[in-house]
Number of protein chains: 2
Amino acid sequence: MPITESRTDTRERILNAAQMFAQMRGFNAFSYADIAEAVGVRKASIHHHFASKDDLELELVQRYRLQFGAQLACVERDQATALGRLTGYGALYRATLIAGGICLCGMMASDIRALPEALRKPLHDFFAEQAAWLSGVLDDGRKNGEFVFRGPALRRAQLVLATLQGGLIIAHASQDVSQFDSLLDDLVASVAQ
Amino acid sequence: MPITESRTDTRERILNAAQMFAQMRGFNAFSYADIAEAVGVRKASIHHHFASKDDLELELVQRYRLQFGAQLACVERDQATALGRLTGYGALYRATLIAGGICLCGMMASDIRALPEALRKPLHDFFAEQAAWLSGVLDDGRKNGEFVFRGPALRRAQLVLATLQGGLIIAHASQDVSQFDSLLDDLVASVAQ
DNA sequence: GTCTATAGGTGGATAGAC
DNA sequence: GTCTATCCACCTATAGAC
């Protein structure tokens with residue numbers, strides 16, 4: 001912990017609060033005033049760190065991609081089997097549901113037409129990255145006999161990704177985690193031998 | 001066309017415009033001013049028909065359920081096979097994507113925590129109705145040999161519903177209809193023999 | 001049923017002191 | 001880097017004339 005760390009963490013706390021609001025309510029249902037109250041600073045201080053809400057939103061999606069990438073690395077490290085990795089991936093989604101929100105990028109995708117153009121590329125990249133990671137897991141699983149499915153692994157990965165995103169949103173609306181658990185079970189069962 | 005029809009259709013035009021905005025942008029990204037401009041009336045006129053935005057949103061979801069129910073009836077009438085009905089169901093989603101939006105209730109589900117409590121029940125009912133309808137189609141298909149899948153039909157229906165909602169949202173963000181078409185093909189293939 | 005006019009509040013954003 | 005104070009645009013909603 002270097003002494004040069006100082007107090008740049010207000011910026012982090014702003015991002016954390018904004019991300020929570022965005023995942024819970026949506027990008028057009030929280031304000032600088034909401035963040036200010038949650039963090040314990042004034043609105044002007046937020047503008048010091050993020051000149052405009054567009055800037056804040058861009059940073060949110062970029063940071064989320066990095067966060068998710070780090071979590072995928074943890075799943076790979078902790079889970080040796082393809083089945084373990086697939087269920088581990090589902091558990092990441094489940095955690096956001098329990099926290100009261102949905103995937104930041106699922107929310108962003110819904111709201112895309114009310115958001116700045118600059119967000120489209122990083123958002124598109126996020127879904128491409130997720131599909132690619134899942135594709136790798138599914139392909140490994142099929143090669144070693146854990147999974148059985150037809151067609152290209154990437155196509156199946158896109159199916160899995162859509163199911164998880166949709167299931168997350170429906171369970172979010174119903175406030176019903178067990179519904180998401182059933183979905184996850186069935187999704188895994190649809191590829192597991 | 002009875003002469004007593006008069007001009008209650010401003011109300012319909014308001015609902016149509018609001019629904020379009022809601023499906024394209026989200027529930028917190030359009031205003032009475034947007035609707036007023038689209039319909040060609042003043043904001044005060046909208047308040048005459050819908051006292052508050054909450055009232056408008058409630059009517060939107062209730063009307064959408066009826067609209068969707070009518071479209072399901074058309075699919076049942078036009079398609080005799082389970083496969084035809086399943087693909088017809090997917091085509092309904094595809095149509096909203098081409099129109100530039102997502103399912104009204106998918107959007108509502110995302111935004112649920114920023115919407116009035118009164119919307120939760122009709123929204124929940126919508127998803128239950130959709131799952132029930134799909135469950136009937138899947139069950140019929142399995143009984144007559146068109147489909148092959150394991151487990152309860154309702155569970156499989158919930159999987160299909162989540163996949164379509166999620167796929168719709170992802171394709172909406174990417175503005176890529178072919179991506180949704182691939183998803184739909186794979187989804188049908190996952191149950192069709 | 002539609003309009004003009006306006007109230008009362010909140011949105012993002014800025015200037016300038018400390 | 002954080003604050004107070006303020007701006008202006010836009011929001012939902014209401015009052016009252018036509």
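Given the structure is predicted, the values throughout are model-derived calculations rather than measurements. Letters A, B, ... are given to chains in the order of the sequence lines, protein chains preceding strands, and every chain is numbered from 1.
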Show which side-chain atoms of residues 81-91 of chain B pair as donor or acceptor with protein atoms under 3.5 Å away, not counting sequence neighbours.
unit_1  : atom_1 : unit_2   : atom_2 : d
B:Thr81 : OG1    : B:Gly84  : N      : 2.9
B:Arg85 : NE     : B:Gln79  : O      : 2.7
B:Arg85 : NH2    : B:Glu76  : O      : 3.0
B:Arg85 : NH2    : B:Gln79  : O      : 3.3
B:Thr87 : OG1    : B:Leu83  : O      : 3.0
B:Thr87 : OG1    : B:Gly84  : O      : 3.0
B:Tyr89 : OH     : B:Tyr93  : OH     : 2.8
B:Tyr89 : OH     : B:Gln130 : OE1    : 2.6

A:Ser45 side chain near D:dG1 phosphate (N/O to OP1/OP2, under 4.0 Å): no
Parallel, tilted or perpendicular: ring planes of B:Phe21 versus B:Phe30, cut at 30 and 60 degrees: parallel
A:Gln67 versus A:Gln71, side-chain donor and acceptor atoms under 3.5 Å: no
Distance, rounded to the nearest Å, where A:Ile46 contributes CD1 and D:dG1 contributes C1': 13 Å
Distance below 4.0 Å between A:His48 side-chain N/O and D:dG1 OP1 or OP2: yes
Candidate pair A:Leu56 and A:Leu15, rule side-chain contact (heavy atoms from CB on, under 4.5 Å), full reasoning: CA-CA 8 Å; A:Leu56 173 60; A:Leu15 285 169; 3.7 Å; yes
N or O in side chain of A:Ser31 less than 4.0 angstrom from C:dT10 OP1/OP2: no
Separation of D:dT12 P from B:Phe27 CZ (nearest whole Å): 14 Å
Rounded distance in Å - CD (B:Glu37) to P (D:dC11): 11 Å
Gap between atoms CD1 and P, on A:Ile14 and D:dT2 respectively (whole Å): 7 Å
Protein-nucleotide distance (B:Ile35, atom CD1; D:dC11, atom P), rounded to Å: 11 Å
Tell me which donor-acceptor pairs under 3.5 Å the side chains of residues 183-193 of chain B have, and how far apart each pair is, sequence neighbours excluded?
unit_1   : atom_1 : unit_2   : atom_2 : d
B:Asp186 : OD1    : A:Arg155 : NH2    : 3.0
B:Asp186 : OD2    : A:Arg155 : NE     : 2.8
B:Ser190 : OG     : B:Leu187 : O      : 2.6

Rounded distance (Å) that lies between atom P of C:dG12 and atom CD of A:Glu57: 9 Å
B:Phe30 CZ to D:dC10 C1', straight-line distance once rounded to whole Å: 15 Å
Closest contact, heavy atoms only, A:Cys105 versus A:Phe127: O-CZ, 3.5 Å
same_hphob_cluster(A:Leu92, A:Leu66) at 4.5 Å side-chain heavy-atom cutoff: no
Footprint string (nucleotides 13-18 of chain D, 5' to 3'): B base within contact, S backbone only, - free, heavy atoms under 4.0 Å: BBB---
OP1 or OP2 of C:dT2 under 4.0 Å from side-chain N/O of B:Thr10: yes
Separation of C:dA13 P from A:His49 NE2 (nearest whole Å): 16 Å
